[in-house]
Amino acid sequence: MTFTPIAQPIIGQSEIEAVTRVLKSGQLASGPQVAEFEEELARYCGSRFCIAFNSGTAAIHAGLYALDIQPGDEVVTTPFTFAATANPALALGAKVIFADIDPGTYLIDPLAVNSKLTPNTKVIIPVDLYGSTYDHRALARIVRSKKVKILEDACQSIGATSYGKRAGNLGDIGTFSFYATKNMMCGEGGAAITNSSRLAEKMRRFRHHGQSLQRQYQYFDYGLNYRMLDITAAIARVQLTKLETWNKERQQNASILRDGLISVPNIILPIEAPNTHSVYHQFTVRITRNFPLSRSELIEQLKQAHIGSGIYYPMPLHLFPQFKRLGYKKGDFPNAEQACREVISLPIHPQVTQNTLTQMIDIFKKAST
Ligand SMILES: *Cc1c(COP(=O)(O)O)cnc(C)c1O
């Protein structure tokens, strides 16, 4: 019996051929593949500019740099995320301020953000967790008339929409990751999109040691080497052509799981806000106290059935030693802390079979009767 992992990259013949072509071309570093990929991704997202990077972390770092984060500036984000959301802000010397999540959507709560704004707040980083989109309308109302910018961490939500707009396009800059487990991937990679030519230019320089592409060894600006390879861009280009199909398959799998689990008491299924379409990077269920199995017992039962699962995330950022210096303590973000204790993500990617979906549903049903 084959094991169904929580995530699994899909690599077809066309990805292999695309990489082979690049290897044979001799142009392995950043070149025409990267340029084509940027154009294709911008078109897909409906944004004016796209800048590719060698990771999602690099894209966030470049985005914050372009938004002019200076030491001491405050960056507000959620503690219920991957460290890559917050670490680039620390790299720029910013003060990371956490705001709690909405317990229903797991996304940053606009009202919590509002209570954290100070004259030093420069950027808010909402995270489009699990493939959904943050509440951009509510957040836009809150930052209106303030000089606060929004960097949307859309690393888990490429292709999702809110009121017809693609994820990544909902703030001033949006970032994606093409790490091996994401909805589309190239091993390691990332991108930022924006409609501002000024921000795009700053990010383009930042990934290239502050040089402009026209004037090598002229350092106009601070920067690092965050360039994407043509080898990986070639993979990403193929994957982008399949993204819509794959995201639809994830949505179909999500709807099968939802239909099967809807009658199971004492668990909470993911909710989709009106006029939004999640791309289900994860299908995350909350196991409440009254469910007969503990979360670890459930994980064990799934494992016995050769089904992987994941906990995103086992602990909120503010409780890790790395973020202790921000001065937070247990109890500061009760919604995020409770979510960390209760969530479990079930495999939902295109390679999950109908049989495995049925098995998962049966495990929940059996446990609850
Ligand atoms: C994957 C991810 C990133 C970026 O990760 P990289 O591994 O650097 O590409 C950032 N934020 C979130 C929420 C992510 O899931």
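Heavy-atom basis, side chains included; hydrogens, waters and symmetry copies ignored. Numbering of residues begins at 1 and proceeds along the displayed sequence. Whatever order the structure lists them in is the order used to number ligands and atoms, beginning at 1.
Remark: aromatic rings of Tyr130 and Tyr280 are distant, center separation not under 6.0 Å.
Other members of the cluster containing Val148 are Val76, Leu90, Val96, Ile97, Phe98, Ile108, Val113, Leu117, Ile124, Tyr134, Leu139, Ile142, Val143, Ile150, Leu170, Met315, Leu317, Leu319, Phe320, Phe323, Leu326, Tyr328, Phe333, with ILVMFWY side chains joined at under 4.5 Å, either directly or via other members.
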Find all protein N or O atoms under 3.5 angstrom from an N or O atom of ligand 1 and list the pairs with distances, or write 'none'.
| unit_1 | atom_1 | unit_2 | atom_2 | d |
| --- | --- | --- | --- | --- |
| ligand 1 | 8 (O) | Gly56 | N | 3.4 |
| ligand 1 | 8 (O) | Thr57 | N | 2.9 |
| ligand 1 | 8 (O) | Thr57 | OG1 | 2.4 |
| ligand 1 | 9 (O) | Gly56 | N | 2.8 |
| ligand 1 | 9 (O) | Ser177 | OG | 2.6 |
| ligand 1 | 11 (N) | Asp153 | OD1 | 3.4 |
| ligand 1 | 11 (N) | Asp153 | OD2 | 2.8 |
| ligand 1 | 15 (O) | Gln156 | NE2 | 2.8 |
| ligand 1 | 15 (O) | Lys182 | NZ | 3.0 |

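For Arg237 and Glu38, the salt-bridge test fails: no basic side-chain N is under 4.0 Å from an acidic carboxylate O. Using a cut-off of 4.0 Å between Lys/Arg side-chain N and Asp/Glu carboxylate O, Arg205 and Glu201 are scored as salt-bridged.
In this model, a donor atom of one side chain and an acceptor atom of the other lie less than 3.5 Å apart for Asp153 and Thr85. Using modelled atom types and a 3.5 Å distance limit, the side chains of Asn169 and Glu152 yield no donor-acceptor pair.
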